[in-house]
Each structure stands twice: as structure tokens, then as C-alpha cells.
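A note on names: the letters A, B, ... follow the listed sequences, proteins ahead of strands, and every chain is numbered from 1.
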There are 2 protein chains.
Amino acid sequence: MTYSSELIKGTLKTIVLKLLADNKRMYGYEITQRVKVLTLGKIQITEGSLYPTLHALEQEGWVSTETEYIGKRVRKYYSLSPAGKTKTKERVKEFSEFMDTMVFLLGIKPKTS
Amino acid sequence: MTYSSELIKGTLKTIVLKLLADNKRMYGYEITQRVKVLTLGKIQITEGSLYPTLHALEQEGWVSTETEYIGKRVRKYYSLSPAGKTKTKERVKEFSEFMDTMVFLLGIKPKTS
DNA sequence: GTACAATGCATAGTATTCCTATGTATATTG
DNA sequence: CAATATACATAGGAATACTATGCATTGTAC
């Protein structure tokens, strides 16, 4: 992983929720690969952190699951619940505001792409 | 509103280093107050997290200290070492790049203030 | 056709980071 | 003169993500 994993802390759930908001349904392994591709390998979510996170999201009622079989191999799809959609917006907004504060604190010029 | 402390995780050292880069020397309590003022109360660094962090920075050789007495009360000033100045730039840059990645991932419009 | 890589799930134990709670002491202010 | 602010410190705990490991199936390169 490029970024020190300490920076990722606190943002993993937000990343997962946002992906599910954009994609209707995804399975765990797919999420790890998607993040890797989207970030050009800069963020690598390990399975050891993702699966417990997904279980937590389900526990909290923000996602629901459906299990399918691809041949003999199981695949567990996750999709946002209505509560999860609300939570996603909250989380993204909170992170966005946190970033604005950090940009100011650290004197960073944000990419105005 | 105070940000959930989970978001702060991984950024505390960076914040402290940047403040020291801008201010030549500061003491612990002063840092907590400065951050509170600069962020309009949105980020509150507790003493229970700041002091151990400062000790760690000293341990790593990124800051040096000078103790002064204000009356009978002790005050411990911290200032960046040359290695600390380099480290600060690295840390700020790393966070900046992480933010760019997150902005893209989360589809956030950064403040182009 | 078979070793090796990739796909796909899972969890236990560990590391890191920060917070809460607590303690001590001095200075200021209403 | 009591409450609040200043100023340091640490022990124990909570939250988060990682490493290491395990199991099984599918695809690929030699």
C-alpha cells in the first residue's frame, strides 16, 4: 500500500458505503479490486480489514446481503439499505468538511481539477 | 461540531508538526488551544492524546524541547529539528495526496476558495 | 495435466492511534 | 476564596485496520 494505513483509519467504512451507493451491489473481493483500480494502487484494502467491516455494516443495518453461487464458489453481494443511503451521505459530508478544515490547517492548495 | 475522533486518527502528528513549522516554538497547552481556535472548535485535541504524541515526536528526534518557568509553573517548549522540518514536508505532502485520492473516490467537490 | 496464481470467503491475534479518566500543581478572576 | 484556566503527565481502554492463517474453487502457464 502506498499510503500509510494510519491515514485510511476512519475512512474505510465511508469508502465502502460510497462504492455501494454508486454500484447498487458489490461483493467483498470486488470491492478490494475496485478500490485498487480506482486509486491506481494507492489505496489497497486488505481482505482482513474489509470482511470484518462489511460484517459490521450489516450488523448496523446499513447494508443487506444476498448470497449467490458462481459454479461451486460462493459470492456474497452487499447492497445499501435505505438507512445505509442516508448514512453514506452523512459520512461523505463529514469527511468533506474534515478535509476542508485540514486543508486550511495544513495550508494545502487543493487540486481544482 | 466536533469531528469524530476516528477521522483525526493518523493526522495528529501531521497537525502538530505543521504548527511547529509555522511557529518556531510552542508548548503543549498552547497547541491544543491554537488548534481549537484555528478550526473554530471543529477539531479538539485532548491533552491525553497530545502529550504522548509530543513525547513520541521527541523520541523520534523530530522536535527538541526547552523547559521554562513562568513563575513557579513549568512550561515545555517544542521546536522542530532539521529532521523534523523534512518530516513535516513529507507528512503534509502525503496527506495532501491522500486527500486528492479520497476526493476522487468519494466524488467530492473541493472548496476552491 | 499440473503446479501456481487468482478468486472468494472468513477469523484470531496484534499493532497503532487516540481518548477518558485521573492526578498534581500554580495562576487568575469574579 | 472558590471556581476556572493554565500546564504538565500517565494508565487503562476503545476503535480501527492489518498480518497471518485457513479453506475451497477456478483459471492459466509451462
**Message:** If I take atom CD1 in residue B/Ile45 and atom P in nucleotide C/dC19, what distance separates them, rounded to the nearest angstrom?
**Reply:** 8 Å
**Asked** Charged N to carboxylate O under 4.0 angstrom, A/Glu90 versus A/Lys87?
**Response** yes
**Which residue lies more 5' along DNA chain C, comparing B/Leu12 with B/Gly71 via nearest heavy atoms** = B/Leu12
**Prompt:** Base, sugar-phosphate, or nothing for A/Thr67, non-hydrogen atoms under 4.0 angstrom?
**Reply:** nothing
**Message:** Nearest whole Å is fine: how far is C/dC18 C1' from A/Leu7 CG?
**Reply:** 14 Å
**Message:** Within the 4.0 Å heavy-atom criterion, would you say A/Ile70 contacts the bases, only the backbone, or no part of the nucleic acid?
**Reply:** sugar-phosphate
**Message:** Regarding A/Thr32, tell me which of base, sugar-phosphate or nothing describes its non-hydrogen contacts under 4.0 Å with the strands shown.
**Reply:** nothing
**Message:** On the side chain of A/Lys9, is there an atom forming a donor-acceptor pair with the base of C/dT16 - under 3.5 Å, no angle test?
**Reply:** yes
**Prompt:** Taking OP1 and OP2 of C/dG8, is either one under 4.0 Å from a side-chain nitrogen or oxygen of A/Arg75?
**Reply:** yes
**Asked** Going from OH on A/Tyr27 to CD on A/Gln33, what distance comes out if it is rounded to the nearest 0.5 angstrom?
**Response** 8.5 Å
**Asked** Taking 4.0 angstrom as the limit, do B/Glu60 and B/Lys13 come out as a salt bridge?
**Response** yes
**Asked** So, B/Glu68 and B/Arg25, do they make that salt bridge, N to O below 4.0 Å?
**Response** yes
**Rounded distance (Å) that lies between atom P of D/dC18 and atom CD1 of A/Ile8** = 7 Å
**Request:** In whole angstrom, give the distance that lies between atom CD of B/Glu30 and atom P of D/dA5.
**Result:** 18 Å
**Prompt:** In whole angstrom, what separates B/Tyr77's OH from D/dC8's P?
**Reply:** 9 Å
**Request:** Please confirm whether any donor atom in the side chain of A/Arg73 sits under 3.5 Å from an acceptor in the base of D/dT26, or the reverse.
**Result:** no
**Prompt:** Pick from B/Thr11, B/Thr39, B/Thr14: which one makes a side chain to side chain contact (heavy atoms under 4.5 Å, CB included) with A/Met102?
**Reply:** B/Thr11
**Asked** If you find the nucleotide of DNA chain D closest to A/Leu50 and the one closest to A/Lys72, which residue's nucleotide is nearer the 5' end?
**Response** A/Leu50
**Asked** Hey, are B/Lys42 and A/Glu97 close enough for a salt bridge, meaning a charged N less than 4.0 Å from a carboxylate O?
**Response** no
Using the 3.5 Å cut-off, write out each protein N or O paired with an N or O of nucleotides 9-13 of chain D and the distance between them.
{"from": "D/dA9", "atom 1": "OP1", "to": "B/Lys76", "atom 2": "NZ", "distance (Å)": "2.9"}
{"from": "D/dA9", "atom 1": "OP2", "to": "B/His55", "atom 2": "NE2", "distance (Å)": "3.1"}
{"from": "D/dT10", "atom 1": "OP2", "to": "B/His55", "atom 2": "ND1", "distance (Å)": "3.2"}

**Prompt:** Taking only side-chain nitrogens and oxygens of B/Tyr29, does any of them come within less than 4.0 Å of OP1 or OP2 of D/dC8?
**Reply:** no
**Message:** Any carboxylate oxygen within less than 4.0 angstrom of a Lys/Arg side-chain nitrogen, looking at B/Arg75 and B/Glu30?
**Reply:** no
**Spacing between A/Tyr27 atom OH and C/dA6 atom C1', to the nearest angstrom** = 11 Å
**Message:** If I take atom CG in residue A/Leu57 and atom C1' in nucleotide D/dA15, what distance separates them, rounded to the nearest angstrom?
**Reply:** 15 Å
**Request:** Round to the nearest Å and state the distance from A/Glu68 atom CD to D/dT25 atom P.
**Result:** 19 Å
